[in-house]
Protein chains: 2
Amino acid sequence: MVTIYDIAAKAGVSAMTVSRVINNTGKISDKTRAKVRRVMEELNYVPNHMARSLVLQQSNLLFLLITDITNPFYTTLARGAEDAAKKHGYRLLFGNSDESVDKEKDYVDTILATRADGVLVAPAGDPSLPHLETLRKHQVPFVLLDREVPGLDSDVVLGDSKEGARKLVDHLTSLGHKRIALINGSPSISSARLRLEGYREALKLNDLAYDDDYVLETAFEPRSDLSDIESWLDRMDPPPTAIVAGNNVLAVEVIRTLHARGIRVPDQVSLVCFDDLGPYSEIDPFLTVISQQAYQFGYLGMQMLIERIQERGEAGLPWRKVVLPADMIVRRSVSSIR
Amino acid sequence: MVTIYDIAAKAGVSAMTVSRVINNTGKISDKTRAKVRRVMEELNYVPNHMARSLVLQQSNLLFLLITDITNPFYTTLARGAEDAAKKHGYRLLFGNSDESVDKEKDYVDTILATRADGVLVAPAGDPSLPHLETLRKHQVPFVLLDREVPGLDSDVVLGDSKEGARKLVDHLTSLGHKRIALINGSPSISSARLRLEGYREALKLNDLAYDDDYVLETAFEPRSDLSDIESWLDRMDPPPTAIVAGNNVLAVEVIRTLHARGIRVPDQVSLVCFDDLGPYSEIDPFLTVISQQAYQFGYLGMQMLIERIQERGEAGLPWRKVVLPADMIVRRSVSSIR
DNA sequence: ATAAATAATGTTACCGATAACATTAAATTA
DNA sequence: TAATTTAATGTTATCGGTAACATTATTTAT
């Protein structure tokens with residue numbers, strides 16, 4: 001591995017001079033600068049980030065931790081984060097926690113060990129609290145995305161989950177639906193809780209009774225075993241005329257299960273969900289969804305993060321909470337009753 | 001930031017003893033081990049990767065560079081790579097080059113500077129050669145995914161692009177199609193070249209003439225400006241009865257363009273493509289595709305990479321080229337002619 | 001012309017960890 | 001019990017950079 005000392009030796013200068021050329025600091029004569037540059041080219045020099053960050057105590061690296069890299073909501077969000085990071089001259093790396101608090105903890109360790117300058121996190125859930133507190137303790141600035149964690153003050157970019165759920169339920173009731181089921185993520189995830197709340201409120205406002213049997217709380221990420229969905233469908237009696245899914249993944253899995261049973265959407269049951277299916281929903285715009293501005297989650301979150309990093313130390317800047325609107329896109333997955 | 005020296009001081013031992021406890025090396029009495037552990041907990045110690053890798057000359061970090069984080073092919077591949085890396089105890093970070101050779105080069109610099117132990121790369125194209133050579137020069141093991149780079153020997157995991165294209169065209173001709181168009185990625189990408197070759201061969205075998213006007217070579221990644229697709233559609237006269245898309249993104253954009261013109265698939269024109277649309281194609285299995293085993297690309301590639309890393313130095317192990325089969329899934333996006 | 005300022009470069013110490021070698025204490029063996 | 005192992009811990013140098021402080025050459029000011 002070529003080091004500044006190799007360069008220095010070959011160019012007949014000191015290592016410090018080479019360092020100055022690399023970083024454009026201090027005063028260097030044009031002649032030495034040129035000579036050093038030439039030798040660097042010749043030897044294919046690449047600076048060693050680790051050595052550098054070790055002494056500088058900062059890495060110029062940012063991280064984005066998402067919970068499901070196969071979910072278009074998060075990949076679109078990632079593109080937003082990437083663009084914002086690039087605009088400010090930061091490098092961005094990604095990690096995928098797979099909705100697992102343990103994997104997330106591993107990433108947090110990697111991030112700490114790598115001495116990242118900041119982190120954007122879509123936390124796996126409330127149990128993420130301990131390792132987020134670890135980040136805080138080590139003074140690594142972070143911004144939460146899509147999910148809050150109770151007991152932790154921080155900047156956060158959220159979607160209006162409650163309002164979104166209300167809109168979906170209202171849409172269904174306006175078309176005559178009365179037996180509306182909900183399949184949702186784990187209640188340890190703030191957005192899932194809000195979606196449940198919105199669902200319950202909307203039921204109440206529409207004078208519909210809430211029934212535990214019609215609600216399934218499961219996992220937001222793709223799974224191979226659909227048996228919990230199966231038994232939930234069996235349990236509901238009479239069957240629902242409409243289903244609200246807490247995210248796009250769940251909607252897809254509900255459809256798969258229904259199709260396997262020969263039940264058609266929306267003919268026999270209507271379906272709506274949170275989050276679009278990415279560009280691929282363009283092929284056949286079918287699902288009626290709450291379309292969250294995924295790109296904005298990433299872009300705004302990254303901007304907030306970078307502001308935090310750059311204001312470091314200054315007391316000011318209270319925690320900021322950005323709530324992005326929940327817009328419904330009506331498509332063909334809902335039929336009207338009668 | 002807490003260091004081993006802080007721990008050492010508080011525990012009344014030397015830094016080296018702390019290091020031994022952390023790494024489980026050397027001999028340590030149970031008593032000191034316990035004491036050191038306790039202090040580490042108390043102070044919330046996190047090892048500094050940078051300092052560590054600096055002296056160890058290895059980071060235990062692996063990278064995966066993909067070209068389009070919003071493409072389900074690559075995100076599924078990423079899941080495979082992640083699982084394989086985890087199985088072998090490596091940490092994995094992701095980078096997204098967005099099909100840009102320049103962004104890719106930036107990532108390569110980050111990777112070099114981070115002293116990653118190895119890299120999985122889906123190269124942006126043939127122009128990636130220089131920075132891949134830089135990786136090679138710095139002895140960072142890498143495995144190419146999905147695309148080869150002429151002039152560079154390396155391990156590589158490919159799909160059978162030529163055969164896939166042939167299958168698609170054969171399928172179309174078997175249903176009576178004679179005017180078959182191709183929209184493809186840049187010819188600077190090996191897989192795109194092979195798909196073109198397969199397309200031409202299949203035309204020839206079916207006694208169909210090749211016509212330049214029926215082929216559009218554009219970019220594989222999502223774009224906002226669809227005008228090149230527009231003008232290509234205008235140019236073809238008579239219009240094709242079927243279109244082969246070089247990947248899923250292009251297929252979606254063709255559909256968008258066609259829909260905007262009021263042209264229906266498959267009623268007025270048939271459409272087939274490479275790569276599935278992820279789990280979301282399950283909602284409405286519509287597109288007839290060559291389904292590549294995305295997960296296996298990542299999983300096998302990662303295994304090959306780790307073998308390389310662990311055999312480091314040993315002369316053996318010739319470059320390996322794995323070609324995964326191209327399986328066609330027939331769905332509803334093709335109609336038969338007459 | 002000589003002091004004072006400035007430009008250009010070099011030296012030393014350190015960032016946080018570990019390898020290699022050194023030392024001391026405890027346990028075996030002769 | 002003295003000699004030898006072995007266990008447990010400590011010291012020093014180093015990884016590849018950079019900050020802070022020298023030092024030397026060159027200008028500029030007086």
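Side-chain atoms are counted along with the backbone in the values below, which use heavy atoms only and exclude waters and symmetry mates. This is a predicted model, so every value here is computed, not measured. So you know, we letter chains A, B, ... as the sequences are listed, proteins then strands, and number each from 1.
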> Would you check, one step at a time, whether the test salt bridge (Lys or Arg N to Asp or Glu O under 4.0 Å) holds for B:R79 with B:D83?
CA-CA 6 Å; B:R79 289 289 293 104; B:D83 287 350; 3.1 Å; yes
> When you measure from the side chain of A:E104 to the backbone of A:A124, do you find a donor-acceptor pair of N or O atoms at a distance under 3.5 Å?
yes
> Using a 3.5 Å distance criterion without hydrogens, assess whether the side chain of B:T3 forms a donor-acceptor pair with backbone atoms of B:Y5.
yes
> What parts of residues 36-61 of chain A reach DNA chain D, counting only heavy atoms under 4.0 Å away?
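The stretch gives A:Y45, A:V46, A:P47, A:N48, A:A51, A:R52, A:L54, A:V55, A:L56 as the residues lying under 4.0 Å from the strand, ordered by number.
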> Would you say B:R136's side chain and B:S154's backbone share a donor-acceptor pair under 3.5 angstrom?
no
> Measure the angle between the two terminal helix axes of the helix from C:dA1-D:dT30 to C:dA30-D:dT1, five base pairs each, and quote it to 10°.
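Axis-to-axis angle, ends of the helix: 50°.
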> Using a strict 4.0 Å threshold on nitrogen-to-oxygen distance, state whether B:K105 and B:D109 make a salt bridge.
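Judged by the 4.0 Å cut-off on N to carboxylate O distance, B:K105 and B:D109 do form a salt bridge.
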> Tell me if the NZ atom of B:K103 is crowded by more than 12 foreign heavy atoms within 6.0 Å.
yes
> Say whether A:S97 and A:S100, considering side chains only, have a donor N or O and an acceptor N or O under 3.5 Å apart.
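Distance-only check fails for A:S97 and A:S100.
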> Looking at A:I189, is its backbone amide N or carbonyl O close enough to the side chain of A:R147 to form a donor-acceptor pair, meaning the two atoms are under 3.5 Å apart?
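No; zero donor-acceptor contacts below 3.5 Å.
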> What's the shortest heavy-atom distance between A:S53 and A:S59, and which atoms?
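Minimum heavy-atom contact is OG-CA, 3.9 Å.
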> Without decimals, in angstroms, what is the distance between A:N24 CG and D:dT18 C1'?
15 Å
> Tell me: CD1 of B:I22 to C1' of C:dA19, nearest whole Å?
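Result: 15 Å.
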> Does the protein touch nucleotides 4-13 of chain D at the base, only the backbone, or not at all? Give it as B, S and - per nucleotide, heavy atoms under 4.0 Å.
---SSBBB--
> Is there a donor-acceptor contact under 3.5 Å from the side chain of B:D155 to the main chain of B:R320?
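At least one qualifying donor-acceptor pair exists.
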